[in-house]
Protein chains: 2
Amino acid sequence: MVEVENIGQYLTSKDIRPSMQRVKILEYLLKRRNHPTVDTIYNDLKDEILTLSKTTIYNTLKLFVENGVAIVINIEDNETRYDADTSLHGHFKCTKCDGVFDFTVNLNDLAFSGIEGFTVNEHHIYLKGMCRVCKSKELV
Amino acid sequence: MVEVENIGQYLTSKDIRPSMQRVKILEYLLKRRNHPTVDTIYNDLKDEILTLSKTTIYNTLKLFVENGVAIVINIEDNETRYDADTSLHGHFKCTKCDGVFDFTVNLNDLAFSGIEGFTVNEHHIYLKGMCRVCKSKELV
DNA sequence: GTATCTGCAAAACATTTGCAATTCT
DNA sequence: AGAATTGCAAATGTTTTGCAGATAC
């Protein structure tokens, strides 16, 4: 669910008690859509939630992932990012500005061979390159 | 190149001096095709190369990736794996046996939308689920 | 003999764990 | 009160860095 009007209600429907920290973290993910790391979330929320600890962010994100509220993005090996959009979509990372962008994946246009008979539960599709904005800046 | 007859020559063509450690590590990757972590490589080669250190494996793999001899596989957030097959293909991880399998990906232009005008340099396509062997064992 | 490469030890990071204090119901 | 949650501090595990010795050209 990317459009969430009542975060507390949404968390409850996912069997997660809506504590203040959990609501704020999910709200952050849904509003920013910046595919943040734990560190990014911590730095952006620590002024709003003065007692916030990284442990709580780790605990919360783990809970979110287990209960289908968020997914893990492993587009880079030295940073684990999170996304509250759990629908099937791809992630593009611009190696120039380090931004991560969502894109639509049409599975019907992707043909996989060599894993016939396998059961697929998760799709992770990552692309890397240069985004349009960085490309236009290169031309200057 | 997955079929490499002369590893030393191949490394030289990639501007990498073929030291004994580098040749052995690449040979390992090409023969095993097991998408290993640094730790796996270390444990499998330490008896053959008694003085081998993990630092050398880290150094070597970094060099391989920079020079297009290997690619990084980030299918799991707690383990960085490597593959000496640098051609476009996908990786399937069985969450039951933890095996990683290669598969062929046929990319169609229509497959991705929302990143028009972006330049794509790398494709990372990861699937997770259960492999055929583990599925057959489940039925018992 | 000078560059490069290797590998030990220490440092740097990210993540997890143990546990006590706090907060909910 | 009792259960769940938070957050500090310590532990763990992986990767990087500094550097001295070994090796190659």
Side-chain angles (χ1 to χ4, degrees), chain A residues 7-9 11-28 35-67 69-82 98 100, chain B residues 7-9 11-28 35-67 69-83 98:
Chain A
I7 290 176
Q9 208 169 297
L11 283 174
T12 302
S13 78
K14 295 284 190 172
D15 292 320
I16 296 173
R17 287 208 199 166
S19 73
M20 183 267 276
Q21 287 84 342
R22 290 167 179 175
V23 169
K24 291 280 188 192
I25 292 170
L26 180 53
E27 189 179 53
Y28 175 90
H35 314 92
T37 61
V38 165
D39 209 58
T40 303
I41 299 172
Y42 178 73
N43 285 314
D44 288 346
L45 288 183
K46 70 175 194 291
D47 292 334
E48 193 181 342
I49 309 169
L50 294 171
T51 59
L52 186 66
S53 78
K54 283 192 187 177
T55 304
T56 298
I57 301 174
Y58 278 108
N59 288 339
T60 300
L61 291 172
K62 190 183 176 197
L63 197 63
F64 284 1
V65 171
E66 286 169 355
N67 292 39
V69 170
I71 55 171
V72 172
I73 303 174
N74 275 134
I75 201 166
E76 209 68 64
D77 59 343
N78 54 354
E79 55 182 34
T80 303
R81 291 168 174 257
Y82 295 87
D98 284 343
V100 173
Chain B
I7 290 177
Q9 208 169 297
L11 283 174
T12 302
S13 77
K14 295 284 189 173
D15 293 319
I16 296 173
R17 286 206 198 164
S19 73
M20 182 267 276
Q21 288 84 343
R22 290 168 180 175
V23 169
K24 289 281 187 190
I25 291 169
L26 179 53
E27 189 179 54
Y28 175 90
H35 315 92
T37 62
V38 165
D39 208 60
T40 304
I41 298 171
Y42 178 73
N43 286 314
D44 288 346
L45 288 183
K46 70 175 194 291
D47 291 335
E48 192 181 342
I49 310 169
L50 294 170
T51 60
L52 186 64
S53 78
K54 283 192 188 177
T55 303
T56 297
I57 301 174
Y58 278 108
N59 288 339
T60 300
L61 292 172
K62 190 183 175 197
L63 197 63
F64 284 1
V65 171
E66 286 168 354
N67 292 39
V69 171
I71 55 171
V72 172
I73 303 174
N74 275 135
I75 201 166
E76 209 68 64
D77 60 344
N78 54 354
E79 55 182 34
T80 302
R81 291 167 174 258
Y82 295 86
D83 191 348
D98 284 342

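Scope of the values below: all heavy atoms of this structure, side chains included, with no hydrogens, waters or symmetry mates. Here is the naming used below: chain letters follow the sequence lines, and residue numbers restart at 1 for every chain. These figures come from a predicted structure and were not determined experimentally.
Per the geometry, CG belonging to A:N78 stands 14 Å off C1' belonging to C:dT15, to the nearest Å. To the nearest angstrom, C1' of C:dT23 lies 10 Å from CD of A:Q21. Regarding B:L45, its CG atom lies at a distance of 15 Å from the C1' atom of C:dT6, rounded to whole Å. Distance, A:R81 CZ to C:dA14 C1': 15 Å, rounded to whole Å. C:dA14 atom C1' lies 9 Å from atom CG of A:D39, rounded to whole Å. In this structure, the CG atom of B:L11 is 12 Å from the P atom of C:dC5, given to the nearest Å. For the pair A:K62 NZ and C:dT15 P, the interatomic distance rounds to 13 Å; values are reported in whole Å. Rounded to an integer number of Å, the gap from CG of A:L61 to P of C:dT15 is 10 Å.
Crowding of B:K46 atom NZ: a count of heavy atoms from other residues, nucleotides or ligands under 6.0 Å exceeding 12.
Under the Watson-Crick and G-U wobble criteria, each requiring two contacts below 3.5 Å, nucleotide C:dC13 is paired to D:dG13. When Watson-Crick and G-U wobble pairs are counted only if both distances are under 3.5 Å, D:dT6 pairs with C:dA20.
Here NZ of B:K54 is found 8.0 Å from CD1 of B:I57. Values are rounded to the nearest 0.5 Å. The CD1 atom of A:I49 sits 11.0 Å away from atom CG of A:D44, with the distance rounded to the nearest 0.5 Å. Rounded to the nearest 0.5 Å, atoms CG (A:L63) and CZ (A:R17) are 11.5 Å apart.
For the contact set between residues 46-59 of chain A and DNA chain C, defined by any heavy atom under 4.0 Å, the members are A:T55, A:Y58.
No contact: B:E79 has no heavy atom under 4.0 Å from any strand. Among the atoms of the strands shown, none is found under 4.0 Å from any heavy atom of A:T37.
Taking 4.5 Å as the limit, every side-chain heavy atom of B:Y82 sits out of range of all side-chain heavy atoms of B:T40.
Once you apply a 4.0 Å limit to the heavy atoms of chain B, the touched nucleotides of DNA chain D run 5' to 3' over D:dT14 to D:dC25.
For the pair A:T56 (side chain) and A:L52 (backbone), a donor-acceptor distance under 3.5 Å is absent.
Taking only side-chain nitrogens and oxygens, A:R17 never comes nearer than 4.0 Å to OP1 or OP2 of C:dT23.
The two residues A:P36 and A:Y28 come nearest to each other via the heavy atoms CG-CE2, 3.7 Å. Of all the heavy atoms in A:N67 and A:K14, the pair that sits closest is ND2-O, 2.8 Å.
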Less than 3.5 Å apart, which donor and acceptor atoms pair up between the side chains of residues 72-81 of chain A and the rest of the protein, not counting sequence neighbours?
from	atom 1	to	atom 2	distance (Å)
A:N74	OD1	B:D77	N	3.3
A:E76	OE1	A:K93	NZ	3.0
A:E76	OE2	A:K128	NZ	3.1
A:E79	OE2	A:R81	NE	2.8
A:E79	OE2	A:R81	NH2	3.2
A:E79	OE2	A:K93	NZ	3.0
A:R81	NH1	A:H35	O	2.8
A:R81	NH2	A:D98	O	3.4

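In this structure, D:dA3 is classed as anti because its glycosidic torsion departs from zero by more than 90°.
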